[in-house]
Amino acid sequence: MGPQLSMQANFIIRLGDKAHVPIISFSATSPSLASLRSSYFFQAAQKDTSQVKAISSLVEAFGWRQVVPIYVDNEYGQALIPYLTDAMQEVNARVPYRSAINPAATDDQIALELEKLMNMQIRVFVVHMLSGLGSRIFAKADEIGLMDEGCVWIVTNGLTDFLTSFNTSVISSMQGVLGVKTHVPSTRELRDFRVRWKRQFRLENPTLDDKEVNIFGLWAYDAVFALAMAIEKVFVNSNNNNGTVTGLGSKNMFMRNNNSTSNNSLTDLDTLGVSLNGPNIREELLKVSFRGLAGEFSQVNGQLQSSNFEIVNVIGVGERLVGFWTPQTGLTRKLDLANKTSTTEYSTSKSNLGPIIWPGESTSLPKGWVNPTTGKKLRIVVPVKSGNSSFVSVRNDPNTNRLQVKGFCIDVFNAVVDAMPYAVPFEFIPFVKPNGESAGSYNDMIYQVYLGKFDAVVADVTIIANRSKYVDFTLPYTDSGVTMIVPIKGMKTKNAWVFLKPLTFDLWATTGCFFVFIGFVVWVLEHRINHDFRGPLSHQIGTSFWFSFSTMVFAHREQVVSNLARFVVIIWCFVVLILTQSYTASLTSLLTVEQLRPTLTDVNELIKTGMKVGFPKGSFALGMLKEFLPFKRSQIKEYKSLENLGELLANGEIVAAFDEIPYMKLFIAKHCSNYTMVGPTYKTDGFGFVFPRGSPLVGDFSRAILNVTEGDKMKQIENAWFVSDTVCPDSSSVVSTASTLGLNSFWGLFLIAGIASLLALTIFVATFLYEQRQILLRLDSENEASVWRRIKVVLRLFDEKDLSSHTFKKSNCRTSDHGVENSAVDHGSPSPSSYSNQTEFNFSLHEDQPGTPSTQYGQTSPKTTLKN
């Protein structure tokens, strides 16, 4: 059993491998021991590498991007660092420096190394060493101020598992430290063991305070238990095979001496024999699996399987549990071992941890960095140019003789740096010659970064494919694209036909068609029962159209007596109300509000007419647009600055200009009442910051740019540089084709009116055909009746008055009251309304035949009926 330390393990493991004796260690945790590849070494303790995922999850959860490991400079400490570095890289955290402490270092040497860390900007430290050296590290860190607010300390289980054994002075220097600690499930067996341990400890050490058994003691107990089980199994199998019981004291049962001719030249190790039962014990140890005091005890290839970890916070005189980490779920507030499902999501959210008290008794999350007192700064080159200074302006302050760099791009860069998860010290360097003139174009600046003379470019640099061959760009922080600006002119609509403009042609046409359609529907529904919709054909057509169009001004006087017609008219009047109100509002706007119109909107018109256009001098936009727009060289006039552009447009030397959207926004902000952006936008990727190829800062800067552009900070910067004091007209007053009312705004109303009208027609036709079903059945029985004759009969039936309607009944009653004779009613004979349809049908059906009407259907003429 043993060894206790990883440094001792190398020799013992080789010894056991030679003698075929299993070596079981409950405290050697270095991952380098696995590289010995000994089949007789059993690591009955968790490897240090099992906790690196828990540490990296903490770093990812709190968003720290740089970490410094502090470790003991021996095999125990060195073996973990490669694994820790890889785990940090997986969560996008860098390890820019490693602090190795000699195990025999003095307090002065420790203080000197911590002073070096004090001068750096990083304030996230991961400590991996044993308790003796670790307690001295924290005492010195607290002394020099590295345990103040803003610092983060994370310790591995090599220190955390010994927290209960530290005295109060060490604990007081570790306030706010986060620790990763092996989780030990609370079981009845463990509680009973602790009681027995305390009783035994007091008997053997009556003068000492009680000491808790740490994880290494529990692993030792489980290792002895596992070895006992393996040996028992070996001897049971051996006795069963031999039929005899062999005692443990038998020398030949364990060792076989080496054959040697002389013992004078050999050491004790050289005379070491080979175990006879070692291979058997090894095989049984690999099979041992049980629930021990420290949790599940099972080994794969001689390695104890990883378990869960606790995240503790050093507060007061001890530690406080703030969460757990498991390989399946990551960080979690509570450990639910009963619910292990494959669908559980792995989480690295800090919300899964309890409240934490950080160093300096702070409850605020440390940023993990501070502005360094010394260190390398980023050399950022900025352009020096005349003219417009809203994007980047470089000048020397005559009072202080210091360089002043201002502008929109500079403010954005400063905001992005403030949003970075760590400090980024930098200095601006003007791109100038010794005489103070500009040293070249933007491409020249980018090439200097490619050569390594500068670390970055901060300016209004557009991201294009050719430049990306030499440098890396961050995400853009401005709108992208090249657009056109043109002058605008004010005018009021003065046109005899202006009353047609509020509605588009398709809306006018659709409305007219629906007026005709609604008139037809109402005529169909009212023709058989309403005197107003009967009479000569011309009168009926005029009445139908008059009724429909009069609804536009709600002046229709004809009464509708059918419920179906009333339903249709109600829906249509609602549609007409919406249309008339919308038309009135649009026409009023056209006649009263002064309109601002661009002088031209079509790029092709510029090309055809040969009018001159402006392009910025030296800009890539000129070359890019030549590929899309075939402008002649005589049409192109270059301008040096936005001020020069304003002069060219005001003098009429150019009628339009092309440039990137940020520049056009700045120009319009100063001349919004005279110019506007029109036409298509030609795609570019906007402005970005320039870094060398492969720079690790690109990703962090891009994420910080997203934080700035998505918040209010970007709006504040744009307002500070691009919004002028000039009062600009409301953009809603600019007329475009979108301001005219079109069918797309009202098709829902027409759909409702159309469905209602068709539904009413369907109900009327179905009811009419049902009432005339007897006559239609007779037509069907007459084989000689053609389709056209049947249609004519149906139309004649439709053209007849419906004498059964209440409107005609009232009319008949009024006629009778005035003394008109109605013998049919007086003598109890059928009323005209009951037989007129049949009589007229007989006449119409045989009107093309000679002679008197036929009585083949058992009917007589009206005269015969009246006479009888």
Yes or no on side-chain contact (heavy atoms from CB on, under 4.5 Å) for Tyr639 and Asp659, after CA distance, side-chain angles and deciding distance? CA-CA 11 Å; Tyr639 58 86; Asp659 205 344; 2.9 Å; yes
Is the count of non-hydrogen atoms from other residues, nucleotides or ligands lying under 6.0 Å from [X] atom [atom1] greater than 12?
| X | atom1 | value |
| --- | --- | --- |
| Tyr450 | OH | no |
| Phe746 | CZ | yes |
| Tyr447 | OH | no |
| Trp508 | CH2 | yes |
| Tyr97 | OH | yes |
| Glu361 | CD | no |

Just jot down the salt bridge (Lys or Arg N to Asp or Glu O under 4.0 Å) partners of Arg693, sequence neighbours excluded, or say none. Asp472
Is any side-chain heavy atom of [Y] closer than 4.5 Å to one of [X]?
| X | Y | value |
| --- | --- | --- |
| Ile485 | Leu645 | yes |
| Met88 | Thr85 | no |
| Val613 | Lys637 | no |
| Phe750 | Thr510 | yes |
| Asn313 | Val177 | no |

Hey, what do you get for [atom1] ([X]) to [atom2] ([Y]), rounding to the nearest 0.5 Å?
| X | Y | atom1 | atom2 | result |
| --- | --- | --- | --- | --- |
| Ile429 | Met445 | CD1 | CE | 12.5 Å |
| Leu579 | Leu741 | CG | CG | 9.0 Å |
| Trp721 | Asp411 | CH2 | CG | 6.0 Å |
| Ile463 | Phe473 | CD1 | CZ | 6.0 Å |
| Trp369 | Gln66 | CH2 | CD | 10.5 Å |
| Trp153 | Gln175 | CH2 | CD | 14.5 Å |

Using the test ring pair (Phe, Tyr, Trp, His ring centres under 6.0 Å), find all partners of Phe431 that sit at least two apart in sequence or belong to another chain. none
Strictly distance-based, threshold 3.5 Å: is any side-chain N or O of [X] a donor or acceptor partner for the main-chain N or O of [Y]?
| X | Y | value |
| --- | --- | --- |
| Ser468 | Ala465 | yes |
| Asp444 | Ser441 | yes |
| Thr584 | Thr580 | yes |
| Arg703 | Val698 | no |
| Glu427 | Arg379 | no |
| Ser57 | Gly330 | no |
| Asn651 | Glu653 | no |
| Asp455 | Ile380 | no |

Would the [X] and [Y] ring centres measure less than 6.0 Å apart?
| X | Y | value |
| --- | --- | --- |
| Tyr477 | Phe413 | no |
| Phe689 | Phe691 | no |
| Phe667 | Tyr675 | yes |
| Tyr663 | Phe687 | yes |

Is it the case that [X] and [Y] place a side-chain donor and acceptor less than 3.5 Å from each other?
| X | Y | answer |
| --- | --- | --- |
| Asn443 | Arg467 | yes |
| Tyr442 | Thr462 | no |
| Asn352 | Ser347 | yes |

Over 60° means perpendicular and under 30° means parallel, so classify the ring planes of Phe62 and Trp358, tilted if in between. perpendicular
Just do the side-chain contact (heavy atoms from CB on, under 4.5 Å) check on Val708 and Ile705 with the steps written out, would you? CA-CA 5 Å; Val708 172; Ile705 287 174; 5.7 Å; no
Please determine whether a side-chain nitrogen of the Lys or Arg among Lys715 and Asp712 lies less than 4.0 Å from a carboxylate oxygen of the Asp or Glu. no
Under the criterion side-chain contact (heavy atoms from CB on, under 4.5 Å), I'd like the reasoning laid out for Leu365 against Lys350: C-alpha separation, chi angles, the key distance, then a yes or no. CA-CA 11 Å; Leu365 175 64; Lys350 62 183 178 182; 3.7 Å; yes
Dump the intermediate steps for side-chain contact (heavy atoms from CB on, under 4.5 Å) on Val68 and Val124, then the final yes or no. CA-CA 6 Å; Val68 171; Val124 181; over 6 Å; no
Going through the checks in order, is the side chain to side chain donor-acceptor pair (under 3.5 Å) test met by Glu90 and Ser56? CA-CA 8 Å; Glu90 290 179 2; Ser56 65; 5.9 Å; no
